[in-house]
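Chain letters run A, B, ... following the sequence lines, proteins first and then strands; every chain starts at 1. Scope of the values below: all heavy atoms of this structure, side chains included, with no hydrogens, waters or symmetry mates.
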Protein chains: 2
Amino acid sequence: MVATAERGTAQAIREEAAKLFFERGYDATSLRQVASAVGLMVGSLYNHIDSKEHLLLQIMGGIIDDLLDSARKAAMVDGDAIDRLEAVLAAHLTFHAERAQEVFIGNAELRSLSDGARHVVIEKRHEYELFLQGLVEDAGRAGLADVIDAKIHVYSFVAQATHIASWFKPGGRMSLDEIVAIYTKLALRELNVPDADARVDQRR
Amino acid sequence: MVATAERGTAQAIREEAAKLFFERGYDATSLRQVASAVGLMVGSLYNHIDSKEHLLLQIMGGIIDDLLDSARKAAMVDGDAIDRLEAVLAAHLTFHAERAQEVFIGNAELRSLSDGARHVVIEKRHEYELFLQGLVEDAGRAGLADVIDAKIHVYSFVAQATHIASWFKPGGRMSLDEIVAIYTKLALRELNVPDADARVDQRR
DNA sequence: GTTTAACGCACGGACATTCGTTTGCTTGCT
DNA sequence: AGCAAGCAAACGAATGTCCGTGCGTTAAAC
């Protein structure tokens, strides 16, 4: 209970570590660098973390659950299957841009996880993809989209968002809203949704 | 020495290292693991390589040049701007699938390169993107495609292919040709090219 | 055709560093 | 007095790299 505007040392460690893992990679980042970024000596970190891998796990931890939550929440919108897909895609893209660092780490450092933890993450990721796939199939069944292969469309959406997470920085050439709008159009276009652009523009 | 199917020790080292870098990452792969995969002791590697980083550089080295070459060659096809784009996209996708391991390493291990080497790679990558961007803009100017933002379309194509490189394995659910065809359709669809699917099917 | 010298290449041990982690000890707040 | 949290120092293990040695093959010298 310090009187200063402390965000908590543990939180600071997680944030600085995330920054470094993002820039250099997990293996290439030493705990001494993390400690230095926080303004501590190495040993002191262990007053706040269990181990380096557990620190990575903490960082990657909530991401997928949060992503699934945000998608499920977005899917509760009123309208037809395309409206639902549109809303979920907007949430999907926004999430990947806003939490780009964590998303990137979550993708790039899967290999650095121990087997058990990795499979948990992969399983959740699969669950997320199945959720998106369901929305695509719904739109296809409703005759609102021309689905070539639902899985590939989902891969496409995932690829786009993942890629965004690797380059997006606030204050760039485009605002987040513009980016989301464009990529949503691309998604509807690739599903041959009639008047894809107009649909997206109309919602803004 | 019996004349076995020699591939050259240096080449074997590069191949085994690429496999390991792909699976575990550059930093997480020790030269002792590489040596063991080749059937050597660590020190013996240094009869064939300069350093670990130089080994990575060798592996990543040719990739982008090869990619650019393959794209330039594909662009020399007869036809309109869409035909050209289509041919280049097919080459683009095929390349990323066939050389998935190297492509993946080239993307994931950029961070592991020293500053000088990294900037060379980034520069070449930019050159490649500009080449694709030119094709997209050509198609737009010719009135054959409805271009939202040329750079974003290129990002989209890059994202898709990069993602393919992370999951494609020969002998999967779909043949390489099918995959290329589908993703080419997606690309033309997202450019609002009329009769996108028919155009692609017709070419096969 | 034999000897000799050279060379390529693998071995295994050693090296300085760096890593993650642990351990006491100290400090300052309550 | 108690306790969370910092520090310095040290640990063993692992890493990239180098070096002295020995072996098998090749090629020139006799």
Side-chain angles (χ1 to χ4, degrees), chain A residues 1-60 105 109 111-118, chain B residues 1-60 105 109 111-118:
Chain A
M1 298 189 210
V2 187
T4 66
E6 281 267 15
R7 292 304 142 96
T9 311
Q11 181 61 20
I13 291 174
R14 265 178 255 125
E15 287 174 12
E16 295 300 327
K19 212 177 297 179
L20 287 166
F21 290 170
F22 176 72
E23 290 167 7
R24 303 160 202 241
Y26 172 77
D27 277 300
T29 303
S30 74
L31 287 184
R32 281 165 178 81
Q33 292 172 329
V34 175
S36 158
V38 180
L40 291 179
M41 294 285 111
V42 207
S44 309
L45 291 181
Y46 283 81
N47 289 319
H48 307 279
I49 67 172
D50 293 345
S51 67
K52 191 188 180 188
E53 181 175 350
H54 188 259
L55 175 58
L56 173 61
L57 204 61
Q58 277 192 321
I59 293 171
M60 295 183 44
I105 295 172
E109 304 297 353
R111 300 182 296 194
S112 307
L113 246 42
S114 57
D115 284 353
R118 189 173 58 253
Chain B
M1 275 299 148
V2 185
T4 60
E6 280 272 10
R7 51 177 166 166
T9 310
Q11 180 62 19
I13 291 174
R14 265 177 255 124
E15 288 173 12
E16 296 300 327
K19 212 178 296 179
L20 287 166
F21 289 171
F22 176 73
E23 291 167 7
R24 303 160 202 243
Y26 173 77
D27 277 299
T29 302
S30 75
L31 286 184
R32 281 164 179 81
Q33 293 172 329
V34 175
S36 157
V38 181
L40 292 178
M41 293 285 108
V42 206
S44 311
L45 291 181
Y46 282 82
N47 290 317
H48 308 278
I49 68 171
D50 293 345
S51 69
K52 190 189 180 189
E53 181 176 350
H54 188 260
L55 175 58
L56 173 61
L57 204 60
Q58 278 192 319
I59 293 172
M60 294 185 45
I105 295 172
E109 304 297 353
R111 300 182 296 195
S112 307
L113 246 42
S114 57
D115 284 354
R118 188 174 59 254

Inset, instruction - Check the distance between C/dG20's P and A/L55's CG and give it to me in whole angstrom. - result: 11 Å
Legend entry - N/O (side chain, B/Y46) to phosphate O (OP1/OP2, D/dT17) under 4.0 Å: yes
Inset, instruction - Would you indicate, yes or no, if C/dG8 has its OP1 or OP2 atom less than 4.0 angstrom from a side-chain nitrogen or oxygen of B/H48? - result: no
Legend entry - 4.5 Å side-chain heavy-atom contact, A/I105 and A/M60: yes
Legend entry - Length of the CG-C1' vector between A/D27 and C/dC19, whole Å: 11 Å
Inset, instruction - Would you check if A/L45 and A/L55 make a side-chain contact, meaning some heavy-atom pair closer than 4.5 Å? - result: no
Inset, instruction - Output the single nucleotide from D/dG16, C/dA10, D/dT17 whose closest atom is nearest the side chain of B/S30. - result: D/dG16
Inset, instruction - Check if the side chain of A/N47 and the base of D/dA4 share a donor-acceptor pair of N or O atoms closer than 3.5 Å. - result: no
Inset, instruction - Measure the distance from NZ on A/K52 to P on D/dA14 and round it to the nearest whole Å. - result: 15 Å
Legend entry - Interatomic distance where CZ belongs to A/R32 and C1' belongs to C/dT17 [whole Å]: 11 Å
Legend entry - Closest to the B/M41 side chain, choosing from C/dC11, D/dA8, D/dC18: C/dC11
Legend entry - Check ion pair B/E109-A/R111 (N to O, under 4.0 angstrom): yes
Inset, instruction - In sequence, state the C-alpha distance, the side-chain angles, and the governing distance for B/Q58 and B/H54, and then conclude on side chain to side chain contact (heavy atoms under 4.5 Å, CB included). - result: CA-CA 6 Å; B/Q58 278 192 319; B/H54 188 260; 3.9 Å; yes
Legend entry - Whole-Å gap separating P (C/dT21) and NE2 (A/H54): 12 Å
Legend entry - Integer-rounded Å distance: C/dT22 P and A/I49 CD1: 10 Å
Inset, instruction - Quickly work out the B/D50 CG to D/dG16 P distance and round it to whole Å. - result: 16 Å
Legend entry - Closest contact, heavy atoms only, A/R14 versus A/I59: O-CD1, 3.7 Å
Inset, instruction - Select one nucleotide: of C/dC11, D/dG6, C/dG20, the one nearest the side-chain heavy atoms of B/S44. - result: C/dC11
Inset, instruction - Between C/dT22, D/dT17, C/dA10, spot the one nearest the side chain of B/L40, thanks. - result: C/dA10
Inset, instruction - Measure from the side-chain heavy atoms of A/T9 and tell me the nearest of D/dG16, D/dG6, C/dT21. - result: D/dG6
Inset, instruction - Report the distance from atom CD1 of B/I13 to atom P of D/dT17, rounded to the nearest whole Å. - result: 13 Å
